[in-house]
Number of protein chains: 2
Amino acid sequence: MKKTYSIKEVADYFQLPISTIRYYDKKGLLPFVSKNAAGYRVFSKSDFGFIKTICCLKDTGMPIRDIRTYINLCMQGTTSIQQRGELLQQHKTNVLKQQQVLHDNLKEITTKIQRYASDDSVNIIKSQIKFVKNEKKVLNLEDPFK
Amino acid sequence: MKKTYSIKEVADYFQLPISTIRYYDKKGLLPFVSKNAAGYRVFSKSDFGFIKTICCLKDTGMPIRDIRTYINLCMQGTTSIQQRGELLQQHKTNVLKQQQVLHDNLKEITTKIQRYASDDSVNIIKSQIKFVKNEKKVLNLEDPFK
DNA sequence: TTAAACCCTAAACTATGGTTCATAGCAAAC
DNA sequence: GTTTGCTATGAACCATAGTTTAGGGTTTAA
C-alpha cells in the first residue's frame, strides 16, 4: 500500500504539467506539501483533496491570489469557517453569473449555426449583406465586403 | 435621426473601454469600421451587430485570432457560409464543455458552502483536520495546520 | 477664438498564468 | 559505478489581452 506521491504522480493524476504544480507551490497554494531530506516534494493522499479544490476554484476562474487566501483559511482550522463560507459564497455568485453569460451566448451561437445550416442560408446572408452595403453607401462609408 | 457613431458611443453601448475597441481594431477584428477625413473611426448601426457577435465570442472564451478569422469569413460574403458554420460549431462544443465543467464545479462549491453553513460545521472540519494530521504524522510529514 | 472634450497612433507597460532553461543534486536499474 | 530519469531552484522567457502614456490633431460650444 503506497503512502506518498511524487510531483509526477500528482501531475499525472490531475493532468497538470509538473511546472504548474511547482508554480502553484511558489505562489503559496500548496502550504500543506512537505519536502523530504533531499528537498523533493512529498504528497500525501489528503493533499489530493486540497489540490482538487484548487483545480475546482481555478477552473471556475478564481484568481491565484484568492485561491491562496482560501487555502490559507483552510490551514487556520475551525476558526476560519465563516470566512471560508463567505469567500466561497462570493465566488459562487460569480460562477452563477458565468453560467448565465454562457447560456445566453450559447443561444446566440446556436442561432447563428442554425442560420448557416438552413436551406435558405445564402439568401439570408445575401440580404444581410445588402442591408449593410446600403447603409454604408447612404452614410458615404467604405463597403467592407470584398 | 442619428446615423453614425463615435468610438465613445460604441464604448458606452457595449460597456467596453475605448482602449479595448482600439485594440480590437488593431488586431483586425473591426475591418468593417470606416474612418473619416480626420482619421476618426466612424461606426454605423450595422457595425453594432458585428461587435455584438465579437463580444459574444470573446465572452465565451474564443481567442482574438479565431474571432478575427470568423469576422474575415463574414467579410467574404456567401462563399464562406459553410466555413463559418464549422467554426461556430467547433466553438459551440467548447462552450458546451465549459458549461459542463462549470456545472460540476458549481456543485462542488455548493457542497462546501453547505458544509460550512451546517450546524455541525465545526465538528465536520475538526474531524477532517484530525484525519489529515494523523495521515501526515503516520507518514512522518510536517503538520500543515498552525 | 479659445477651452473643453473629443479623437488619433505608436510604443511602452501591466497583469495573469504559466513554461523553459541552466545548473545541479538524488535514485533506481543495469 | 554509471547511465537514465527523476527532482530541485531561480531567472528568464512567453502568450494573451489588454491599458497607459506621450505627443499631437479635431470639434464644439461658449
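Side-chain atoms are counted along with the backbone in the values below, which use heavy atoms only and exclude waters and symmetry mates. Order of the sequence lines sets the chain letters (A, B, ...), proteins ahead of strands, with each chain counted from 1.
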Exercise. If you look only at pairs with a residue in residues 21-44 of chain A, which of them pass as a salt bridge (Lys or Arg N to Asp or Glu O under 4.0 Å), with sequence neighbours excluded?
Worked result: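 Pairs touching residues 21-44 of chain A that pass the test: A:Asp25-A:Arg41.
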Exercise. Say you draw a straight line from CD1 of B:Ile113 to CD of A:Gln90; how long is it, rounded to the nearest 0.5 Å?
Worked result: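 B:Ile113 atom CD1 to A:Gln90 atom CD measures 10.0 Å (nearest 0.5 Å).
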For this session: Nearest 0.5 Å please: distance from the OG1 atom of A:Thr69 over to the CG atom of A:Leu57.
Result: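 CG of A:Leu57 is found 11.0 Å from OG1 of A:Thr69.
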Is a donor from one side chain sitting under 3.5 angstrom from an acceptor on the other, for [X] and [Y]?
X        : Y        : result
B:Ser34  : A:Glu142 : no
B:Asp104 : B:Gln100 : yes
A:Glu86  : A:Gln82  : yes

Exercise. For the hydrophobic clusters of this structure (ILVMFWY residues joined by side-chain heavy atoms under 4.5 Å, transitively), does one cluster hold both A:Val132 and A:Tyr116?
Worked result: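 Same cluster.
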Exercise. Honestly curious: do A:Val33 and A:Val10 fall in one hydrophobic cluster under the side-chain, below-4.5 Å linking rule?
Worked result: yes
For this session: Scan residues 33-42 of chain B against DNA chain C and write down, sorted by residue number, each residue with any heavy atom closer than 4.0 Å; if none is found, say none.
Result: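 Result for residues 33-42 of chain B: B:Lys35, B:Gly39, B:Tyr40, B:Arg41, sorted by number.
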Exercise. Would you say a side-chain N or O of B:Ser6 is under 4.0 Å from OP1 or OP2 of C:dC6?
Worked result: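 Answer no for this pair, as no side-chain N or O of B:Ser6 is under 4.0 Å from OP1 or OP2.
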For this session: Determine, for nucleotides 11-21 of chain C in 5'-to-3' order, which nucleotides have protein heavy atoms under 4.0 Å from the base (write B), from only the sugar-phosphate (write S), or from neither (write -).
Result: -----SBBBB-
Problem set entry | Min side-chain heavy-atom separation A:Asn105-B:Val95 under 4.5 Å | no
Exercise. Just the endpoints, please: which first and last nucleotides of DNA chain D, 5' to 3', lie under 4.0 Å from a heavy atom of chain B?
Worked result: D:dT16 to D:dT27
Problem set entry | is_close_aromatic(B:Tyr13, B:Tyr5), centroid dist under 6.0 Å |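 Ring centres of B:Tyr5 and B:Tyr13 not closer than 6.0 Å.
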Exercise. Any chance the rings of A:Phe48 and A:Phe14 have centres within less than 6.0 Å?
Worked result: yes
Problem set entry | Residue pair B:Lys52, B:Asp47: steps toward the salt bridge (charged side-chain N to carboxylate O under 4.0 Å, His left out) verdict | CA-CA 9 Å; B:Lys52 190 182 171 204; B:Asp47 294 341; over 6 Å; no
Exercise. If you look at every strand shown and take non-hydrogen atoms under 4.0 Å, does A:Lys27 touch a base, only sugar-phosphate, or nothing?
Worked result: nothing
Distances for protein N/O vs nucleotides 28-30 of chain C N/O pairs under 3.5 angstrom?
none

For this session: Report the residues that fulfil side chain to side chain contact (heavy atoms under 4.5 Å, CB included) with A:Arg115, sequence neighbours left out, ordered by chain and then residue number.
Result: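 For A:Arg115 the side chain to side chain contact (heavy atoms under 4.5 Å, CB included) partners, ignoring immediate neighbours, are A:Thr111, A:Lys112, A:Ile124, A:Gln128.
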